[in-house]
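Read the structure below first, then the notes.
Positions are given from 1 along the sequence.
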Amino acid sequence: MEQGNRGTMVTMLPSQTQNPLEQLQARFKHLETGFRAWLSKQSAPVEAAIVTLTSGAQGAAVGGLMGTLTGDISASIPTPPPQAGGLNPQAMASFKQAQALAGGPWAQARNFAVMTGANAGISCVMKRLRGKEDVEGSMVAAFGSGALFSLVSGFGGPNQAQNALTSGLFFALVQGGLFKLGQKFSKGQSVDKDIYYSKTRSMLSNLGLNHYEKNFKKGLLTDYTLPLLNDSALKEVKIPPGPRLLILDHIKRDPAFQERRKQK
């Protein structure tokens, strides 16, 4: 029997070594989860600053790449002559809009860094202030990023303040629509995921601890993990000592859970 187990283990090892991409993805996911957990424990200004910088850096990379791919387009846009001061303001605005949208790598990197960084930073602050992520906070973040994008890129008409307001409102309306659309499509998915917490929900209901269901979902403590639960796991999802004792005692006394624990 022992030799058979060894043979099984040996045959399993090559399959693990043949998937380096999956291993890399798992490690990256682990690092990302740890970073998010550390970030959530920081003060609001520190979290907002870090989120703004990291998102801005990502936006700059994307903008720089786009600017590199479309660099030849910006070269084909005519530059207003020095004596263009007497041109119609709308004509000057058209020149600025074209240059803003078809700038080189540095211009696009700057524009995208401001837009993505502002959006992420404002979203972070709104989530901390309101205690949730909703459409209102998302629209406020989009308004701020749109207004800053307009001011930095020079996109729009001659009146910068008015154009920043218009761009901000446009960004906010688009983001609000996308947020609502995403919620509509995710409703069905959330219902499907709830089937993994039916036993958990029943247990918490019996103990009068229904409000801790969100803690289980946040820590991905599904029904399959119930027989394996310990004090450390419950503490990790921020469940207080009293409810932890009740939950562990309930699992210890439940014959179904004990049978599953023996099988494992």
Between Met139 and Gly176 the two heavy atoms that sit nearest each other are CG-CA, 3.7 Å

Can you hop from Leu248 to Leu221 via hydrophobic side chains spaced under 4.5 Å? yes

Once you round to the nearest 0.5 Å, how far does CG of Leu209 lie from CD1 of Ile247? 5.5 Å

Is it true that, when you exclude Lys238 itself, more than 12 heavy atoms of the residues, nucleotides or ligands shown sit nearer than 6.0 Å to its NZ? no

Minimum side-chain heavy-atom gap Leu220-Tyr196 below 4.5 Å: no

What heavy-atom pair brings Phe216 and Leu226 nearest, and what distance separates the two atoms? CE2-CD2, 4.1 Å

Same cluster or not: Met115 versus Leu53, using hydrophobic residues (I, L, V, M, F, W, Y) connected whenever any side-chain heavy atoms lie under 4.5 Å apart? no

Residues Val114 and Leu148: closest non-hydrogen pair is CG1-CB, 3.7 Å

Quick check on Glu236: does its CD atom have over 12 non-hydrogen neighbours (other residues, nucleotides or ligands) under 6.0 Å away? no

For the residue pair Asn163 and Ser150, confirm or rule out a side-chain donor-acceptor distance under 3.5 Å. yes

Grab the two heavy atoms, one from Ala48 and one from Val125, that are nearest each other, plus how far apart they are. CB-CG2, 3.8 Å

Residues in side chain to side chain donor-acceptor pair (under 3.5 Å) with Asp249, at least two apart? Arg253

Do Val152 and Leu165 sit in the same hydrophobic cluster, where Ile, Leu, Val, Met, Phe, Trp and Tyr count as joined when their side-chain heavy atoms come under 4.5 Å apart? no

Are side-chain heavy atoms of Phe149 and Asn119 found at a separation under 4.5 Å? no

Evaluate the side-chain proximity of Thr200 to Glu213: yes if any heavy-atom separation is below 4.5 Å, no if none is. no

Please check if Phe112 and Val174 belong to a single hydrophobic cluster, counting links between Ile, Leu, Val, Met, Phe, Trp and Tyr side chain heavy atoms closer than 4.5 Å. yes

Could you work out the complete set of other residues in the hydrophobic cluster of Ile122, with links drawn between I, L, V, M, F, W and Y side chains under 4.5 Å apart? Met126, Val140

For Glu136, I'd like to know if atom CD has over 12 heavy atoms of other residues, nucleotides or ligands within 6.0 Å. yes

Tell me who clusters with Leu245, hydrophobic residues only, linked when side chains sit under 4.5 Å apart either directly or through other members. none

If you look at every heavy atom in Thr116 and Gly56, which pair is closest and at what distance? OG1-CA, 3.8 Å

Are any non-hydrogen side-chain atoms of Tyr197 and Leu204 less than 4.5 angstrom apart? no

NZ-OG1 distance between Lys199 and Thr225, expressed to the nearest 0.5 angstrom: 11.5 Å

Return the NZ to OG1 distance between Lys217 and Thr222, rounded to the nearest 0.5 Å. 12.0 Å

Sequence-distant partners of Ser138, side chain to side chain donor-acceptor pair (under 3.5 Å), two or more places apart: Gln175

Rounded distance [0.5 Å steps], CH2 in Trp38 versus CD1 in Ile50: 4.0 Å

Taking transitive links into account, so neighbours of neighbours count too, which hydrophobic residues share a cluster with Trp106 at under 4.5 Å side-chain distance? none

Distance from Met66 atom CE to Asn111 atom CG, nearest 0.5 Å? 10.5 Å

For Ala142 against Phe171, the heavy-atom pair lying closest together: O-CB, 3.3 Å

For the hydrophobic clusters of this structure (ILVMFWY residues joined by side-chain heavy atoms under 4.5 Å, transitively), does one cluster hold both Leu207 and Val237? yes

Rounding to 0.5 Å, atoms CZ (Arg128) and CD (Glu47) come to a distance of 4.0 Å

Ignoring hydrogens and geometry, is there a side-chain-to-backbone donor-acceptor pair from Ser167 to Ala164 under 3.5 Å? no

In short, side-chain hydrogen bond (donor to acceptor under 3.5 Å, both in side chains) pairs touching residues 52-67 with sequence neighbours left out are none

Got a donor-acceptor contact below 3.5 angstrom from the Ser202 side chain to the Ser198 backbone? no

